[in-house]
Q: 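Below is a structure I'd like to ask you about.
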2 protein chains.
Amino acid sequence: MVAMPHPTAAKPAATRKDVARLAGVSSAVVSYVVNGGPKKVSPATEAKVRDAIAALGYRPNAAARALKLGSSEMLGMVVPDATNSFFATLAHAVEEAAAERGYALLIANSGGSLSAERRQVENLVSRRVDGVFLCSVLFEPDLRDLEAAEIPAVLLNHSAESPGFDSVGVALQDGARLAVEHLAQHGHRKIGLIMGTNTGGDLDAREVGWRQGIEEAGLQAGPVMRGPFSREGGYRAGKWLLNEADRPTAVFASSDLQAVGLLKACHEAGVRVPEDLAVVSFDGSAEAEYSWPPLTTVAQPVEDMARAAVEALVGGGGHKRNRIFPGTLIRRASCGC
Amino acid sequence: MVAMPHPTAAKPAATRKDVARLAGVSSAVVSYVVNGGPKKVSPATEAKVRDAIAALGYRPNAAARALKLGSSEMLGMVVPDATNSFFATLAHAVEEAAAERGYALLIANSGGSLSAERRQVENLVSRRVDGVFLCSVLFEPDLRDLEAAEIPAVLLNHSAESPGFDSVGVALQDGARLAVEHLAQHGHRKIGLIMGTNTGGDLDAREVGWRQGIEEAGLQAGPVMRGPFSREGGYRAGKWLLNEADRPTAVFASSDLQAVGLLKACHEAGVRVPEDLAVVSFDGSAEAEYSWPPLTTVAQPVEDMARAAVEALVGGGGHKRNRIFPGTLIRRASCGC
DNA sequence: TTGAAAGCGCTAACAT
DNA sequence: ATGTTAGCGCTTTCAA
């Protein structure tokens, strides 16, 4: 507690009962006016109740409500790293969409570790969230805890058709293909790849898309460098790539963050972008607009995805389905445009 | 995995009573083993209870617990913008520190608007969080809602001695002075300022520190440009500054984000950093390390601040106090080092 | 239109 | 060492 010079000693927060007493009605009536139902209340009584509520500064107790209703009116979201601006933006958008429907959002970080992810999910389960958005490190996450607790889940940032899962994501493969296509149109013949590594070790669809784009352009695959989805990861990958004997003239990076790291490696090495090396990346985060040069990137429709995810979770809609949104190429300077 | 068409229809989640029945004990005993107290339980019974818990997949109901205990074991945090990497990092650090003590963190965005801030605080109050971290848009926020609800608060990112408030922040003024001092040591005689605007309209201590640094170096104040604490804000400020008749040779920016915007303006204008314009900024966020050139910046000790804030809120410590941490100058290339 | 009352699942004081 | 039980504040059925 809290060093308080409160002259009015700790009055223990008004309950619905206090309001009822003050308004001279039963506690049920208070409930009716607070919740606008399920019964009607005469305008006169309603006014009295509202006055009493205001006078007492009454606020419904969310815990009691949650207990009674079996719903916490909270949603959970687990992301690998809320510090990554893409996930930060996504979480923010989800938060807003959830708030519109009266839900609060509990955000948990897994740090990209499977065990932490499980722990966070368990934590959310025990807090009785009404649903969870899972940006899993795994391609096919283990949802048993959630199923056992009957908590609906939607895989966010999941971009494959996975019957049995509810998911929303972006078309990774198409997006990557788009990026490579664009680079090919700029005349590049040797296009490398800086690819983020997934914990699960599955093949990322962006890699498939990159390869597809290259094949469709009748080119040969450039060098591939793998590393974490981070600035640091991109930087290391960049250093390696620039020292390669057959250095590509263009690179597709699987995230903006990695591209930012790559850019740093280029600047340090005196490699000019886009003249010596063209770059296109993925995500469309704000940071990409302010790097130098500004990054051409395949933007994810974050707002739409967030809305769709919330809709899937609490929209009451029926069946599980996979919603996949298209990415859009944003042309800036790094590709040579 | 686990697409399974639930043959077992919705069994309604085991309660402590079910566990008790299965274990052949009373529900109190279950409570004792789950919470490790307040009474002792014989090893034999404990084992039975644990088995039953496992068999039933029992999880305590947090809402019921919160209702009984009057504590939700959640903390709230309201930030202007969780998408801003400084706040994202801070929130993340707070989340971790809170988790160590068994608290979950509910993060809410105010978008820098006072009304939204109030709304978010109200929301947290009604969710009965056990405490809130407030990165207010105001210098002296209105804590009445929180006080009325007897919810302790700590002002985070608040850097003045404010008796009556519990706060933790960084020494803005000293940090800014440090930055300017450093620029002066590099020989700069005309040092401008890109200053973020606070909603409250109060004078930011960074501005005071900038002025102080200039005076201590025996210089004249350079031009000042104000705008939002954002990349965009820094960019606009930068464009203006670079077109000034008496363009400074160095600039202190009140946040890394603004400096990133400034850098973009410089690149576009062909102004070389640090040769034509040296830059030092504030925050020490990850983005500053990967800009080009990398930003010399006054880093906030985010982890320490987060820990201190959590400590202040739930450490049980007694009195209100203002904890102010020193910033540290990180020398990178943008200042000319 | 309003009221009385039965719980939701849990904790802990009190009884055994 | 273990059991019984009163309530935490709320919603909602049922009765008036």
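Lettering follows sequence order; numbering is per chain, from 1. Scope of the values below: all heavy atoms of this structure, side chains included, with no hydrogens, waters or symmetry mates. All values derive from a computational prediction rather than experimental measurement.
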Q: Rounded to the Å, how far apart are Leu67(A) CG and dG7(C) P?
A: 14 Å

Q: Start at the 5' end of DNA chain C and walk down; is the nucleotide closest to Val41(A) or to Arg16(A) reached first?
A: Val41(A)

Q: Please give, in whole Å, the distance from dG3(C) P to Arg21(A) CZ?
A: 14 Å

Q: Any side-chain N or O of Thr15(A) under 4.0 Å from OP1/OP2 of dG9(D)?
A: no

Q: Could you tell me how far apart Glu46(A) (CD) and dT1(C) (C1') are, to the nearest whole angstrom?
A: 13 Å

Q: Given atom CZ of Arg59(A) and atom C1' of dG9(D), what is their separation to the nearest angstrom?
A: 16 Å

Q: Check whether any side-chain nitrogen or oxygen of Ser27(B) sits under 4.0 Å from OP1 or OP2 of dC10(C), and answer yes or no.
A: no

Q: Donor-acceptor pair, distance only, cut-off 3.5 Å: does the side chain of Asp81(A) make one with the backbone of Gly111(A)?
A: no

Q: Where each residue is assigned the nucleotide of DNA chain D containing its nearest heavy atom, which of Arg128(B) and Pro43(B) is assigned the position nearer the 5′ end?
A: Pro43(B)

Q: Looking at Asp18(A) and Arg21(A), is there a salt bridge between them, counting it only when a charged N and a carboxylate O are closer than 4.0 Å?
A: yes

Q: Of the nucleotides dG3(C), dT11(D), dG9(D), which has the atom closest to the Ala64(A) side chain?
A: dG9(D)

Q: Among dC10(D), dA12(C), dC10(C), find the nucleotide with the atom closest to the side chain of Tyr58(B).
A: dC10(C)

Q: With a 4.0 Å limit, can you tell me whether Ser31(B) has a side-chain N or O closer than that to the phosphate oxygens OP1/OP2 of dT11(C)?
A: yes

Q: Respond yes when some side-chain nitrogen or oxygen of Asn61(B) is under 4.0 Å from OP1 or OP2 of dC8(C), and no when none is.
A: no

Q: Is there a side-chain polar atom (N or O) of Tyr32(B) under 4.0 Å from OP1 or OP2 of dC10(C)?
A: no

Q: Please report the distance, rounded to the nearest Å, between CG in Asp18(A) and C1' in dC8(D).
A: 13 Å

Q: Quick check on side chain to side chain contact (heavy atoms under 4.5 Å, CB included): which of Ile107(A), Val129(A), Asp130(A) does Leu75(A) satisfy it with?
A: Asp130(A)

Q: Answer yes or no: are there more than 12 heavy-atom neighbours, outside Arg101(A) itself, under 6.0 Å from its atom CZ?
A: yes

Q: Name the closest nucleotide to the Ala28(A) side chain, picking from dC10(C), dT2(D), dA5(C).
A: dA5(C)

Q: Main chain of Arg321(A), side chain of Asp166(A): is a donor-acceptor contact present, judged purely on distance under 3.5 Å?
A: yes

Q: Checking all strands, does Ser42(A) fall into the base, sugar-phosphate, or nothing category for heavy-atom contacts under 4.0 angstrom?
A: sugar-phosphate

Q: Using whole Å, report how far CG of Leu69(A) lies from P of dT13(D).
A: 11 Å

Q: Check whether the side chain of Lys17(B) and the base of dG9(C) form a donor-acceptor pair under 3.5 Å.
A: no

Q: For the side chain of Val25(A), counting heavy atoms from C-beta on, which of dC8(D), dC8(C), dG3(C) is nearest?
A: dG3(C)

Q: Atom OG in Ser85(A), atom NE2 in His92(A): separation rounded to 0.5 Å?
A: 13.0 Å

Q: Return the value, rounded to whole Å, for the distance between atom NZ of Lys40(A) and atom P of dT1(C).
A: 8 Å

Q: Assign Arg65(B) to base, sugar-phosphate, or nothing according to its heavy-atom contacts below 4.0 angstrom with the strands shown.
A: sugar-phosphate

Q: Within less than 4.0 Å of OP1 or OP2 of dT2(D), is there a side-chain N or O belonging to Thr45(B)?
A: yes

